[in-house]
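Keep in mind that the numbers below use all heavy atoms, side chains included, and drop hydrogens, waters and symmetry copies. Below, chain A is the first sequence line, B the second, and so on; all start at residue 1.
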Amino acid sequence: MSDLPPYPPLDPTTYDLIIVGTGVPSSILAAAASSSGTSVLHLDPNPFYGSHFASLSLPDLTSFLRSNSLSPPPPPPSDNPDFLSVDLATRSLYSSVEIATFDSSILDERHSRKLNVDLCGPRVLFCADESINLMLRSGSNNYVEFKSVDASFVGDSSGELRSVPDSRGAIFKDRSLALAEKNQLMKFFKLVQAHLAAAAASSTESDEGAVKITEEDMETPFVEFLAKMLLPPKIKWIILYGIAMVDYDQDNVEACGDLLKTREGIARLALYITSIGRFSNAVGALIYPIYGQGELPQAFCRRAAVKGCIYVLRMPITALLLDKETGGYKGVRLATGQEIFSQKLILDPCITLGSESMSSLTDQQKETLRVLVPKSISSEAKIARGICIIRGSVKAGISNALVVYPPKSLFPEQLVAIRVLQLGSGLAVCPADMHVLYFSTVCDNDDQGKAALLSAMSTLIRPQVPENSESESVVENDNVEAKPVVLWRALYVQELVKGEFGGSISSASSPDGNLNYNELVESAVKLYEHVMGSEELFKEETSPDNATEEENDGGVEIEAM
Amino acid sequence: MHGRPRKAYKPEEEAASAAKAVKLRSLQNQFMSNHHAKIYTKEAIDLSTKLLEINPEAYTAWNYRKLAVEDTLSREESNQDLVKSVLDEELKVVESALRQNFKSYGAWHHRKWVLSKGHSSVGNELRLLDKFQTLDSRNFHAWNYRRFVVELTNRSKEDELKYTEDMISKDFSNYSAWHNRSVLLSSLLAKAEGFMPNEKIPDEYKLVHDAIFTDEDDQSGWFYHLWLLDQTVNVETPLLTSSWPSHGSCINLSGGAGCLNDSSSSKLTTFCSESGSFPLILYFDQAVSGVSSSTVTVDSELRGNEDLVWEPVSNKNSRVSSVWVARLKYMSSEPCFPKEYTVKVRIGNSPGIVSSRGCNFSTPYEFVFTAHVHDTVREDSQEVVVSWTDGFDIWDAQSKDLNFLVNLDQQMGLKWRQEAIEEEIELFRALSDSKIGKLTLARLLMAKAMISENGVKGVHYEEILELYNDLMVLDSSHYHYYKDEHSVALLHKVTSSTESLSRHLFRYRDMNNSVCLRLNNLSLSRIASVKKLLFVQMLDLSHNELHSTEGLEAMQLLSCLNLSHNRIRSFSALDSLRHLKQLRVLDVSHNNIGEHSVDTTRYLCSSPLSNSEWTEDEVGRQMTSLVTKYWDAYFVLRDLNLKQLDIAGNMIAGDEFYTLVPQKVANLEDEDSCFPCPKSFRASTSSTTLNLKPFSDTDCGKTWIKSSN
């Protein structure tokens, strides 16, 4: 950071809250806190908004994934006698980063300017997502536009992609389901809808009699409930992996990392069902922000800035300042050496204590810093992510699409679902003839995760063949010929870090393994309640805007095709 | 546009609406004064524009504008530019009116009117429609107008078909899109250019299956399916379904009412007529016109039949009917010896027989039968009083002659239709939990029965009857519909094979071994399958639930009819019997005739008082008040040749009515000396049941099969 022009000193130097890192949860917290009148300083060591949620050009993405693996230069020594200074370090969330360029023209200025690649992909929003509600409540929806994800598929090792019949219209149009299956699937949707309607009615009129799914059923595993509803395996698959977006193989109880309860399964279907048709412009349940997911944290940050939050990018913090007497938190030291004070601090998940600092701390100080103390890592799952820039599309005529490979669909040992998201130039994330593909799968270790992603990649994409081995590609069938060609590829494994409340110092979550932001938003809301007392998020915005929202379907900009 | 709850008005909205009303009223008054004074100045027209912008439903204003346009056109016809601009202005006004109220009949009609003037370009219309149809895809005004515009622009029907497909795939509950699809397909299939029903209709079934199976609670698909089924079962071109005499049959003809003592004739249909002619009946699958001696040739040695007169047998006063009858003379003035004649009937050799939808009878058909003419035995026949209790012989089920009575239908292109129906039946068994599923399955099974060749096994009448029984219980609000369909299915079952039919067939000894069909005690509410029963001479329908005799008019050989213990409410319900020239004996005892003082069917008939016919008739003049009171009975009985009538057990039966009846019946009897005025019409004053016929005191409720044992 030494090559950057020196910053003028910040003024004021005292805040209610300092947030470091501009990821989605942090940005929501910044916007919510400043909306409620809290003075907030929002810092990010990076030259861009979004931290681990950013959308970047290929070179920036590459350097972010790699540079994060390195430790920052040692901070300047502390000379303030009033405080105990604890040095901080940056820990990388990424491992096994592997980047390959198959066609160097992709890195040309002409192309790279048009590429906006997500760090936390594949990720989409459901129209009925809590994150959408938050955007509407906070007013940050004014800064983002969305487009629909046109299609949703379930794939297998044969390379065939079958569209997910996720709505009444989609079931009608589906060509792969038999008539009886259409009937069963729609009947199940109707059951869920009737259940939701009954639940909604009983919550207002306390009419318990109308609930369609019993409490006992709600506690059983979802997969058992689906079997009880006499749904054939094919439809069970579609519901579990294509609609409820379940990760783990629900039929394999021993290996299943997370057996979904009926209650949660119904809630996920409810989210999907209510998403369809929420916005009249949206084609299906899923939408994606134009210019990439990085637009979301930016939108919340802009909202926060409007409400008085102060933003400084390219500003790492090097040390925490603790009260010498009590060991309590006082402030932070910026990379410029300036010391800034606040009541509370929320840190990016990659910030950790410097290696030397740990030993000399008292118990009290350790208590203050408890969210930064590395815990003994249990068998925590990680997430393997992959990005491919391709020429062509995985499905002719379709640009933006989600593909799910349920467990065992690609290879017998596949324990978890693999999700793939293809995005096209219509979303302003890549040049016109290309698509960006995002892959992800939950994994126990790096090798397992990357092997799974490579298997999905090879099913969807043709590897770059050198010019001289032309004959080989002729031998392969036409099916392969029609597959898109990969131009650039990245593979990396990301640690999953949960946000944590730690009194004055808390930490925000890293991107999770889900397709949407719901769990992240939920954890941000919880953190906000802890940090700010039990204040409601975006309370003041709620009342005046609500009436108009109801009228015009919430006012989320969704561009029609 | 659909399913939005109506909100109650707030006080300020009510005030606004009141203010609007005041403004509207003054505007309306000014406009009306302009209209009455025929002022067509620019200011006056602008005023009407303003009025229509507020209230597009002001029909008078639209008509005023039409007059104003006509006025300009008459003066400035040569000025093309002006004409165009005037008409374009009209289109603009309509468009803004439609924005105000998309469902304004007046506005849509006005737009059609402007376009039909032919001066404006129609290219924009489809674009405008697309915009409106995106806003409300089901709006029938828009779809209606779309058909009009498509007709004007010569846009191909195939393109429009594709459009309906797109609209359906956007929302398959779009009933209007399905409807338009059926309209387009009807016309494409009728043209038959590259649109063969055997290829197209199975595809349509696939499309509608997706809709029905995805959401069986949605009506649109079911309606379309019903339409498709109709297309599958019914053939556009009219076909001859049956005739009497049938092909290859043999009939005995004799003069007068004389009885033939020839026992060998018992196996044949014996027909006696005092007029010396017998009916030749043609039964088509749909109403046709143009049956005449030029379209139907009858070759025989029977003399005096050179110019046969074909009459439609229809209650409606039209020349269109599915049943046509001609009377062939078989007794000339010359002495006639017993002889066998061959009669050959050819239909459709020359064009002219046309269905009501304009399709030609295109497949010539020919049938031959033999007629034995017997010497007239003119003896004083004793008065035959028909009792419905005995005198019946069981039909010999082994006899082959029944095959001649029930003849084969003339059918076309059956294979794909049968296959299609068969597939449908298999599919819809899966949906037979719901009411509409059951009904559709019943309809499909019935369709299968209708298009199966005679004698084809595997038609499950029992299943159909069971389905309708279930439906009557499940859906009581449509009970009568299911009951009728149940009756139709039951009658199809009875007539489906010679075995089942022969169980109901008898010979009546006292009347030349007349062929008698006994369908009593079957709880029938409707008559059907008449095309297979043309040979029947005596028909027992007692102890059923019939409301009307509709359908019986085709049974031209019928001479005795028992309708006792049914639910007939008026003589109007017997109207179809007027066509039965042979009918002599009618039993309508124990019905509900006269029970309901207000007879709703009266309003469907022309007023009897406007009919000058009856005042000229003697009885009419003599008993004007009675005829006015019992006009429905009068009109039916006047046209019938009855010798026996039993009316007991009806509200109408009473001394007053009896004074009318013998008059009417006796009147006609005078023409035929063979039958003196029967005792049976004398009212028995002592009887409290007011039974006209003392002989019918036996229990009619006994089943006939029993009594004949």
Problem - Salt bridge K182(A)-D210(B), side-chain N to carboxylate O under 4.0 Å - result: yes

Exercise for the section: Using a cut-off of 6.0 Å, state whether more than 12 heavy atoms not belonging to E423(B) lie near its atom CD. Expected result: no

Handout entry: Over 12 foreign heavy atoms within 6.0 Å of CD, E165(B)
Key = yes

Handout entry: Per-residue contact mode, L207(B) against chain A (heavy atom under 4.5 angstrom)
Key = both

Problem - A430(B) versus chain A, the contacting section by heavy-atom distance below 4.5 Å - result: neither

Handout entry: From CG (D215(B)) to CZ (F189(A)), nearest 0.5 Å
Key = 12.0 Å

Exercise for the section: Sort out for me which residue in T214(B), I212(B), D171(B) forms a side-chain contact (heavy atoms from CB on, under 4.5 Å) with F172(A). Expected result: T214(B)

Fill in the blank from the handout: Minimal heavy-atom distance between R168(A) and S173(B), with the atoms involved, is NH2-OG, 2.6 Å

Handout entry: Spacing of M186(A) atom CE and D218(B) atom CG [to the nearest 0.5 Å]
Key = 9.5 Å

Handout entry: Rounded distance [0.5 Å steps], CZ in F213(B) versus CD in Q184(A)
Key = 11.0 Å

Handout entry: Proximity breakdown for I168(B) and chain A, heavy-atom pairs closer than 4.5 Å
Key = both

Practice task
Please say whether more than 12 non-hydrogen atoms of neighbouring residues, nucleotides or ligands are located less than 6.0 Å from NZ in K170(B).
Solution key: no

Completion exercise
Rounded to the nearest 0.5 angstrom, the NZ-CG distance for K206(B) and L179(A) is 10.5 Å

